[in-house]
Amino acid sequence: MLSTMQDGHLSIGTLLRHGSTVHAESEIVTWTGSGSRRETFADLGKHAAKLANALRGLGITGDQRVGTFMWNNAEHMAAYAAIPAMGAVLHTLNIRLFPEQLVFVANHAEDQVILVDGTLVPLLAKQLPEMKTVRHVIVANGDPATLQAPDGVEVHSYDELLSRQADTFDWPDVDERSAAAMCYTSGTTGDPKGVAYSHRSIWLHSMQVCMTDSMRLAESDKALAIVPMFHAMSWGLPYAALMIGASLVMPDRFLQPEPIAQVLATEKPTFAAAVPTIWQGLLQYLDANPQDISHLREVVVGGSAAPPSLMHAFEERYGVPILHAWGMTETSPLGSVARPPKAATGEEAWRYRYTQGRFPANVSARLIGDSGEEMPWDNEAVGELEVQGPWIAASYYGGSQVDPEKFHDGWLRTGDVGKISPDGFLTLTDRSKDVIKSGGEWISSVDLENAVMGHPAVAEAAVIGVPDEKWDERPLVAVVVREGQQVTAVELREFLADKVAKWQLPEHWTFIEEVPKTSVGKFDKKRLRAMNSDGSLDVTHF
Ligand code: ADP
């Protein structure tokens, strides 16, 4: 029997209409370096309509791709709304990709138009001649004359182009299964892979972002989206904000600890999202320049493991709870969130919060062992995490459905290794390529990093496996010492002695100025391994 219910499409157009009418007074606040510029959601509706009219005028039809090469700001938000709502596909280009990867993704997605921020023109200009399908470039927040257009490419001023457009648009009814937006994984190995989110997957994911036991985004929130809009859709904040009416605070290009602290002081957001390295940097800054940040009801940390020391510092010194979450570009990205079960209190609650968290109803998970068998959820058996659900990628764009490295039996292979407790909490021990295999046993680089970062003199620590004749691999710890502090490898080894098993105690140590980071701010262990093998690290051996 079929239901008797209506069957409307879950579309970005609906989110835009809802946000710009029901939540007309909510705001998008963009930091300018010295203050804020503001746009209401009602104005965003008009802004998006003008952009859609402009793109139609430039010949964008059907599901053509429009790239953005932008910081988090009001113009990028208008692109997030307008491009999918008009039926085209938003492609958020990662401004920190290596040049050849940037060219690869623009060509692979066949971007027709690129919206670029004025400050990023020099970065795009070098690669533009190699982007074969681009016909128009629109320069926002800057002077289009700074861009020398290659043959066949027209350059436009965003403001001028939009000033000529009507502020209404006849938004089409878009099939919820069609692509709305795409994002390429940062491609630590091989070419980047494109994930094409559907209107439906974004809609369902946005509801999850707003759920009470998830990120809890609410109308009363003012959310500071530090995680870039080119990194896994800013973890779903822009669309969830339209859905629920939360105001957004966008830091634009001001991502260093000092300007972030200024944004906090000026705008007093209630919520924020960023990778651990941003919070580590902010913590050091705040420790030297104290400021009240208790207006933050909670901040979400993911993208790599949140060190427990960081979680304790924010909560105990600043009264701000850190919510640990796990996800990836292929999972939209929300996969799991670490809110302790209702019965857990005190130390036990903290132990739950250190994990990567519980899966929501829409994400199924399983652990697969070395020989392909499914592992029990007993918080001991370790395996590769596989996930399934309506906002999880089933394949890569333009790639084969059959990609046994990443997809099999309708499951996404995450490449993450860990264990799951009987009550469904995931603890990741590593990425499969970062696991340290020592004498037939596995050493978790994440556990060691968290333990070393628990030392008060340590700002950051990254652990990699280095070749060892006897044990295959042994851990090497690269330590960044906090400004004005001192610590030796001998002291750190002593500090670890009662925290990790004796056979896991690292015997290779190096002190560095900064851990190399990937394009999305994670520890770049590939580069650290290269630095070790080419001899550029000064290593102490025990
Ligand atoms: P990339 O694969 O280029 O790093 P993603 O941003 O999609 O791009 O990264 C997803 C990966 O980040 C996950 O597969 C996982 O390894 C790691 N990750 C994300 N969140 C966490 C977390 N809370 N703890 C540990 N690792 C995490």
Side-chain angles (χ1 to χ4, degrees), residues 92-94 96-98 101 105 182-195 197 205 214-215 226-236 273-279 299-308 310-311 322-339 352-359 363 365 367 382 384-387 391-393 396 405-407 411-420 425-435 444-450 453 462-463 516-527:
T92 55
L93 290 153
N94 180 341
R96 303 205 182 93
L97 279 186
F98 290 118
Q101 291 189 330
V105 299
M182 54 194 311
C183 195
Y184 282 73
T185 63
S186 34
T188 25
T189 49
D191 285 329
K193 310 276 192 309
V195 176
Y197 307 110
H205 182 266
S214 183
M215 276 152 68
I226 304 177
V227 53
M229 293 167 89
F230 56 74
H231 182 203
M233 310 305 287
S234 198
W235 298 353
V275 293
T277 47
I278 295 274
W279 299 112
V299 300
V300 64
V301 177
S304 37
L310 182 75
M311 299 176 74
I322 284 184
L323 175 67
H324 190 196
W326 167 85
M328 52 200 299
T329 304
E330 291 87 335
T331 67
S332 288
L334 212 53
S336 61
V337 169
R339 287 198 190 280
Y352 276 108
R353 290 178 56 192
Y354 301 152
T355 72
Q356 272 69 20
R358 266 204 281 213
F359 304 98
V363 178
L367 289 177
V382 168
E384 182 184 354
L385 174 69
E386 298 194 348
V387 289
W391 61 75
I392 311 289
Y396 289 122
E405 285 274 289
K406 287 304 289 190
F407 307 98
W411 292 79
L412 168 77
R413 297 181 60 178
T414 65
D416 287 328
V417 172
K419 56 192 183 180
I420 302 179
F425 280 80
L426 167 74
T427 299
L428 288 185
T429 44
D430 251 311
R431 286 191 120 172
S432 48
K433 55 181 183 290
D434 294 334
V435 166
S444 159
S445 64
V446 175
D447 282 353
L448 283 180
E449 284 161 7
N450 284 344
M453 285 193 270
V463 174
K517 308 276 170 23
T518 69
S519 64
V520 290
K522 304 183 189 190
F523 289 176
D524 189 343
K525 296 199 181 176
K526 205 165 108 187
R527 250 174 67 209

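Whatever order the structure lists them in is the order used to number ligands and atoms, beginning at 1. FYI, side chains are in, hydrogens and waters are out, and symmetry mates aren't considered; it's all heavy atoms of this structure. Nothing fancy with the numbering, it's 1 onward along the sequence.
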- Message: At less than 4.0 angstrom from any non-hydrogen atom of H324, what atoms of ligand 1 do you find?
- Response: 22 (C), 23 (N), 24 (N)
- Determine, for K193 against E405, whether the closest basic-nitrogen to carboxylate-oxygen distance falls under 4.0 angstrom. no
- Heteroatom proximity flag, G303 to ligand 1, N/O under 3.5 Å: yes
- Distance filter under 4.0 Å to H231 heavy atoms, resulting ligand 1 atoms: 6 (O)
- Message: For ligand 1, which is the ligand I care about here, please tell me if A305 has any N or O atom under 3.5 Å from one of the ligand's N or O atoms.
- Response: yes
- From Y197 atom OH to T92 atom OG1, the distance as rounded to the nearest 0.5 Å: 7.5 Å
- Looking at ligand 1, does A232 have a heavy atom less than 4.0 Å from it? no
- Query: When you measure from atom 11 (C) of ligand 1 to each heavy atom in K433, Q356, R431, which option holds the nearest one?
  - Reply: R431
- Item | Contacts of type salt bridge (Lys or Arg N to Asp or Glu O under 4.0 Å), residue D434, not counting sequence neighbours | R529
- Message: Working to the nearest 0.5 angstrom, can you tell me the gap between L426 CG and L385 CG?
- Response: 5.5 Å
- Task: Could you tell me whether S304 approaches ligand 1 through its side chain, its backbone, both or neither, with non-hydrogen atoms closer than 4.0 Å?
- Result: backbone
- Answer with yes or no whether D416 contacts ligand 1, where contact means a heavy atom under 4.0 Å from a ligand atom. yes
- Note on the structure: Rounding to 0.5 Å, atoms CG (N94) and SG (C183) come to a distance of 8.0 Å
- Under 3.5 Å donor-acceptor, R353 side chain and A338 backbone: no
- Message: Would A325 count as a contact residue for ligand 1, given that I'm defining contact as a non-hydrogen atom of the residue lying under 4.0 Å from a ligand atom?
- Response: yes
- Is the backbone of V417 close enough, under 3.5 Å, to the side chain of T429 for a donor and an acceptor to pair up by distance? yes
